[in-house]
Amino acid sequence: MPSLPVSVSLSVSITRRSSYPPAPHPQQRPDQRSCDGLTPGFPYNGPLSPDNQDLAMRTSRYLLATVKQTPSDAVVISHQLMLRAGMVRKLSSGLYNWLPLGLRVLRKVEQIIREEMDRAGAQEVLMPVVQPMELWEESGRAPAYGPELLRITDRHGNAFCLGPTHEEVITDLVRNELHSYRQLPMNFYQIQTKFRDEIRPRFGIMRSREFIMKDAYSFHADQASLAATYAVMYDTYCRIFDRLGLDYRPVAADTGAIGGSASHEFHVLASSGEDAIAFSDSSDYAANVELAEAIAPGERAAPGETMTLVDTPDARTIAELVAQFKLPVEKTVKTLIVAADHVSADQETGGGLVALLVRGDHELNDIKAEKLPQVASPLRFADDEEIRAAIGAGPGSLGPVQLSIPCVIDRSVALMSDFAAGANQDGKHYFGINWERDLPLPEIADLRNVVEGDASPDGQGTLTIKRGIEVGHIFQLGTKYSEALKATVLDERGKKVVMPMGCYGIGVTRVVAAAIEQNHDDRGITWPEAIAPFQIILVPINLKKSVREKEVCEQLYADLTSAGYEVLYDDREKERLGVKLADAELIGIPHRIVVSEQHLDEGQLEYRARRDDDNTMLSVDEVLDFLERRIKS
RNA sequence: CGGAGUAUAGCUCAGCCUGGUAGAGCACUACGUUCGGGACGUAGGGGUCGCAGGUUCAAAUCCUGCUACUCCGACCA
């Protein structure tokens, strides 16, 4: 048998044996133990090892619960891979057990969040999962929250609920503890389990009923202080998601009654995301597609055609019209008829209907339409009979010319010239319509969804649309809860003032799922460095046969661990190489070292990053330097 | 809450229509062979067929009720 390369200096002395050593002597010297407290080469059923589990583990002692088959009830990738990699197991609908491997990832995400929140001056607290209903009565939110709030009763008949969020509890705490404006601002956060009794939990960890959230609540003496802390939280969130290694976008969110730039969602970009978000290619602008403003820069071209009535008996949709008459779709207009708001319906002659016009290739935005004063809320499309009664033609032949009901047009429609639209007579369209020549320009509004390539509303660049997973949300709450719960402090004049509040959430468990949605390939997870369960996996090719592989692995395991790396040593003797490599790829350890007899002859090891396509050969004594450069950079 | 579906071994599923000995693959245990990309052989362990009723000489199979879970929708953000 060839001897070990001289470059490997063994600090642990191992006697070569052709078979397992006998059970260790109880008085074994500590320096003969490896980093995880196990005697090198000790077989599977040894004692539990209490040492250094944060850093090191050997697979023979670890619950590596990987499965080959994709579970049938998992539809999204993150759910499939989290089950397959042995990170989680379902307990019941929307409830999951976290196995050791998954928990390592979860803890890393938590730790990054914790460090950055602390860095931003927030103070960690821990509030109960179970909350008294009294507080929810006091805030007035109990009825509004409905059945999503899981209510429970204790043995004395007192009402409690499982906390879906903690505004009430923190506000109650703060009103008892803070008394002076001098103490403000303060920002409290916790990383805690939440429960929301979702109507339909789905997508595994992405939308479960029980989940872990980092929620923070800030309290202020005035609005300016709230705005300042909000800005700090915005930056903190950026730092957190940067450190997590995720591709994300802060997105302007619907601020409802609060207004201004008082709310942002943080989205991890992934094709499976539930939300479509639009962002500028050359500025920070980003918004939910439903909320993104559709602007229409430019001017209307002068009329070039005369308006003509054309028989279009077989064209009932824009697609048919475009196909049959070789029209560019940008020269067509869609006319949608919706119910009018009651008040305006009385005043107009529209029979309770309003026409909304968007370009043929555009889509009506329900939310924007609903916000128009003329339009009934909730939005309701008119049925065929109503349309025929009011206009005298069926859908498919509707247009703005000589229209008998009120009409609102999209901004981009207002810029069209020489366009085609229905003639309000069955089977007929007008071509070559021009505003202000053939008919007056109706009221103009933003009616449509933005599309890829639109000009960015901030005037810089064009919009790209991608799907995102909402993982964070920051909010300037104002005094909604502090008012209801009377959370006041005395100001400098000794007057009681209600504290404006901010709240800031991150879905910690959802971040883990989102990270996988964004980082996977056909073999498994490709973790970002910062949240991988382990940094390095050590894979000997044939531990059973090769004493040399075992010696080198034990040595590397000890050296890498004492250098501070988190190492998973795949010391399973019964598994073949293929199984080990497949597992390593499935669980997505970023750095892999394969140890083989063949290459040890030249003093070489194989290195491969999870996202690499090829192996890199390293000499045994340069491994530490190499990894140092590779990981720390 | 509306619609659709599923429930049989740890996992993925067959068997049910047409009632009569509980099945396969993977996983697990033992032994042997194999050993650089999810090995092979031999032997074995493991299921009150979701629960409760009913029909029948006989029910995984037919009937009724219940429960849980999944998918689509509404809801939530």
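- Nucleotide B/C26: paired with B/G10 (Watson-Crick or G-U wobble, both distances less than 3.5 Å).
- The NZ atom of A/Lys480 lies 11.5 Å from the OG atom of A/Ser482; values are rounded to the nearest 0.5 Å.
- Of the listed nucleotides (B/C69, B/C35, B/G38), B/G38 has the atom at the smallest distance from the side chain of A/Asp583.
- Ionic pairing of A/Glu167 and A/Arg141 is present here: one or more N-O contacts between side-chain nitrogen and carboxylate oxygen are shorter than 4.0 angstrom.
- Side-chain contact between A/Arg196 and A/Glu210 is absent, with no heavy-atom pair separated by less than 4.5 Å.
- Taking the six-membered ring where tryptophan is involved, the planes of A/Tyr569 and A/Tyr557 are tilted, since the angle between them lies from 30° to 60°.
- The partner of B/G2 is B/C72, judged by Watson-Crick or G-U wobble contacts that both fall below 3.5 Å.
- Among the heavy atoms of the strands, none lies under 4.0 Å from A/Glu549.
- Across all strands shown, B/A39 forms a Watson-Crick or G-U wobble pair, both distances under 3.5 Å, with B/U33.
- By the ring pair (Phe, Tyr, Trp, His ring centres under 6.0 Å) test, A/Phe160 is found to be paired with no residue, residues two or more places apart in sequence or in another chain being considered.
- Residue A/Arg608 places its side chain closer to B/G37 than to any other of B/G37, B/C11, B/C35.
- One cannot find a donor-acceptor pair under 3.5 Å joining the base of B/G38 and the side-chain atoms of A/Gln69.
- Distances shown here put every side-chain N or O of A/Lys574 at or beyond 4.0 Å from the OP1 or OP2 atom of B/C35.
- Remark: A/Asn615 pairs with A/Arg592, A/Glu606, A/Arg608 by the side chain to side chain contact (heavy atoms under 4.5 Å, CB included) rule, at least two apart or across chains.
- In terms of phosphate contacts, A/Ser92 brings a side-chain nitrogen or oxygen within less than 4.0 Å of OP1 or OP2 of B/C69.
- Across every strand in view, B/G50 sits in a pair with B/C66 that passes the Watson-Crick or G-U test at under 3.5 angstrom.
- Applying the 4.0 Å criterion to OP1 and OP2 of B/U12, one finds that A/Thr70 has every side-chain N and O outside that range.
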Mark up nucleotides 71-77 of chain B, 5' to 3', with B wherever a protein heavy atom is under 4.0 angstrom from a base atom, S wherever such an atom reaches only the sugar-phosphate, and - elsewhere.
BBBBBBB

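- Here B/G37 is the nucleotide among B/C11, B/C35, B/G37 with the atom lying nearest to any side-chain atom of A/Arg523.
- Counting any heavy atom pair closer than 4.0 Å across all strands shown, A/His267 reaches no nucleic acid atom.
- The side chain of A/Lys544 approaches B/C35 more closely than any other nucleotide in the set B/C35, B/G37, B/C69.
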